[in-house]
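Notes to accompany the following structure.
What you see below is based on every heavy atom in this structure, not just the backbone, and it leaves out hydrogens, waters and symmetry mates.
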Amino acid sequence: MLLVLYLAYGPVSIVVTRSTVAAALLVLPVAVGALGACLWALAGGDQRRNAWLLLVTIAGAFAMNLIEPYTGIALCFVTIFTAAFRTRPRAAMALTTLVLVGMPLTTYVMVREAGTAWGLAAGSAYSAVFAFLLASQIATKRQAAEVAEARAREAVLSERARLAREVHDILAHAQSAQIVHLESVRMLLKQGGDRVTALDRVDKAVGLARASLEETRRALDTLRGDDLPLRERLERLAAEFRAATGRECAVSIDDGALAAGAEARLAIARTAQEALTNIRKHAPGATAELLLRRVDRWNELEVRDHGGHPAPPATPGGGYGLIGMRERAALIGGTLETCADADGFTVLLRVPG
């Protein structure tokens, strides 16, 4: 309200101080047009439209100054601040330059006082510098807030992807082992096989289901930052492989690699889990070998099958499992390579120590 009263003072003064009604009516459109255009631009909206509104304001203010000295000054000063915040930078610079030149010039034409004209020039220049610095600071803060918001969204999406990988790893490992056992039970019952063997398979499937629940709890603990018992995890994965397939799974662990960070340990454990799951699914009859070693500043996990015939990946990227393993490695600055030869299939993970 105070700003409106401040802006209205000049237009009202130029109208009410006219000596005749006819003279007042002549200047009324100029005063009302300049005031209305300025208030419209202050309300916000399209920047291009605001530039034209402020140009009308400046023209009206100059005309008011030429009719009655000083009556358009308030509109000129407010235009400087409005242009900095309500128009594009180039338009704001052009409008401000127009005010810096035109306001002192129109005042000098009417009052013939160089000191007053120079004072208005200095005051408008100071106002322009202040307005543009303030606008720049606000724009910088706004951009910083947008960047922070974008990073927060990216962090949320990254965490969702990480959770998706955790869920996939747990379910793929546990359910594939359970399917192996339950399928063997189905075949035994269908062929009239030994009931004791069938019950043993069912017991193992139940045990795997319970283990998967424990694995889920452990994954949640890891996401909260709890330590991951890497040696125990790898040895248990090998034991589960032996129990599910009846085939050998050799384990070799270098103690130096166990000192890896939490993210690296998690990547190693999940990659070993996914690789062993793939061997069970795609390399029937194969034995497995799991090697964890320290090489310079890298921790290397090698999972290899022997004597099987791995099926080719179903997708160009190697299936969701291999994609997930590669994404997990890349997130912490590591790499994952795969290699197939006549003897079997090898997964090699390298993560920084």
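- Side-chain contact between I253 and L230 is absent, with no heavy atoms from C-beta onward closer than 4.5 Å.
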TODO: Just do the side-chain contact (heavy atoms from CB on, under 4.5 Å) check on Y70 and S13 with the steps written out, would you?
DONE: CA-CA 10 Å; Y70 310 121; S13 296; over 6 Å; no
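- Cluster membership check: V4 shares its hydrophobic cluster with L28, using side-chain heavy-atom separations under 4.5 Å among Ile, Leu, Val, Met, Phe, Trp and Tyr.
- The shortest side-chain heavy-atom distance between D305 and T287 does not fall under the 4.5 Å cut-off.
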TODO: Could you please spell out the steps behind the salt bridge (charged side-chain N to carboxylate O under 4.0 Å, His left out) verdict for E68 and R18?
DONE: CA-CA 10 Å; E68 184 72 32; R18 297 303 91 196; 2.6 Å; yes
- [ ] Could you give me the CA-CA distance, side-chain angles and deciding distance for V347 and T271, then say whether side-chain contact (heavy atoms from CB on, under 4.5 Å) is met?
- [x] CA-CA 9 Å; V347 174; T271 301; 4.1 Å; yes
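- If you take CG on N299 and CD1 on I268, they are separated by 5.0 Å, rounding to the nearest 0.5 Å.
- Across all their heavy atoms, G102 and F62 have their closest contact at CA-CZ, 3.4 Å.
- Expressed to the nearest 0.5 Å, how far NZ of K281 lies from CG of L276 amounts to 12.5 Å.
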Task: side-chain contact (heavy atoms from CB on, under 4.5 Å) assessment of L258 paired with L292 - done: CA-CA 9 Å; L258 297 177; L292 178 62; 4.2 Å; yes
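- V101 and F77 fall into different hydrophobic clusters, defined by Ile, Leu, Val, Met, Phe, Trp and Tyr side-chain heavy atoms under 4.5 Å apart, directly or through other members.
- The two residues C249 and F241 come nearest to each other via the heavy atoms CB-CD2, 3.5 Å.
- In this structure, M64 and G10 approach most closely via the heavy-atom pair CE-C, 3.7 Å.
- With salt bridges taken as basic N to acidic carboxylate O contacts below 4.0 Å, none links R304 and E289.
- Looking only at side-chain heavy atoms (C-beta outward), F81 and S127 come within less than 4.5 Å of each other.
- Atom CD of E327 and atom CD1 of I332 lie 13.0 Å apart (nearest 0.5 Å).
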Can you list, pair by pair, the side-chain donor-acceptor contacts under 3.5 Å of residues 29-51, counting residues two or more places apart and other chains?
unit_1 : atom_1 : unit_2 : atom_2 : d
D46    : OD2    : R48    : N      : 3.1
D46    : OD2    : R49    : N      : 2.9
R49    : NH2    : G44    : O      : 2.4
N50    : ND2    : D46    : O      : 3.3
N50    : ND2    : R86    : O      : 3.0

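- One finds the CG atom of D341 at 6.0 Å from the OG1 atom of T346 (value rounded to the nearest 0.5 Å).
- Judged by distance alone, the side chain of D254 and the main-chain N or O of G256 form a donor-acceptor pair under 3.5 Å.
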- [ ] Check the pair T96, F132 against side-chain contact (heavy atoms from CB on, under 4.5 Å), reporting the backbone distance first and the verdict last.
- [x] CA-CA 10 Å; T96 301; F132 278 92; 3.5 Å; yes
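- Using a 4.5 Å cut-off between side-chain heavy atoms of Ile, Leu, Val, Met, Phe, Trp and Tyr, with links allowed through other members, V15 and I73 fall into different hydrophobic clusters.
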TODO: Could you give me the CA-CA distance, side-chain angles and deciding distance for R236 and E240, then say whether salt bridge (charged side-chain N to carboxylate O under 4.0 Å, His left out) is met?
DONE: CA-CA 6 Å; R236 193 180 70 179; E240 291 174 356; 3.7 Å; yes
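- No chain of hydrophobic side-chain contacts below 4.5 Å, direct or via other Ile, Leu, Val, Met, Phe, Trp or Tyr residues, connects L98 to L105.
- Counting only heavy atoms from C-beta outward, the side chains of L237 and E232 never approach each other to under 4.5 Å.
- Under a hydrophobic clustering in which Ile, Leu, Val, Met, Phe, Trp and Tyr are joined whenever their side-chain heavy atoms come within less than 4.5 Å, directly or via other members, Y108 and I58 fall into different clusters.
- Taking the side chain as every heavy atom from C-beta outward, L290 and L234 approach each other to under 4.5 Å.
- The two residues A264 and A260 make their nearest non-hydrogen contact at CB-CB, 3.8 Å.
- Salt-bridge formation is detected for the pair E302/R293: a Lys NZ or Arg NE/NH1/NH2 atom is positioned less than 4.0 Å from an Asp or Glu carboxylate oxygen.
- Between L348 and T338 there is no side-chain heavy-atom pair separated by less than 4.5 Å.
- Between the CD1 atom of I80 and the CG atom of L75 there is a distance of 11.5 Å, given to the nearest 0.5 Å.
- Taking every heavy atom of both residues into account, M103 and T106 meet most closely at O-OG1, 3.1 Å.
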Please list, one pair per line, the donor and acceptor atoms closer than 3.5 Å that link side chains of residues 133-144 to other protein atoms, with sequence neighbours excluded.
unit_1 : atom_1 : unit_2 : atom_2 : d
T140   : OG1    : S136   : O      : 2.8

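- Between T116 and T107 there is a side-chain heavy-atom pair separated by less than 4.5 Å.
- Counting only heavy atoms from C-beta outward, the side chains of P352 and R297 approach each other to under 4.5 Å.
- The shortest non-hydrogen separation linking I14 to V27 is O-CG2, 3.8 Å.
- We find the CG-OG1 distance between L349 and T335 to be 7.0 Å, quoted to the nearest 0.5 Å.
- Salt-bridge formation is not detected for the pair E300/R294: no Lys NZ or Arg NE/NH1/NH2 atom is positioned less than 4.0 Å from an Asp or Glu carboxylate oxygen.
- Listed by chain and residue number, nothing satisfies the side chain to side chain donor-acceptor pair (under 3.5 Å) test with R247 (two or more places apart in sequence, or in another chain).
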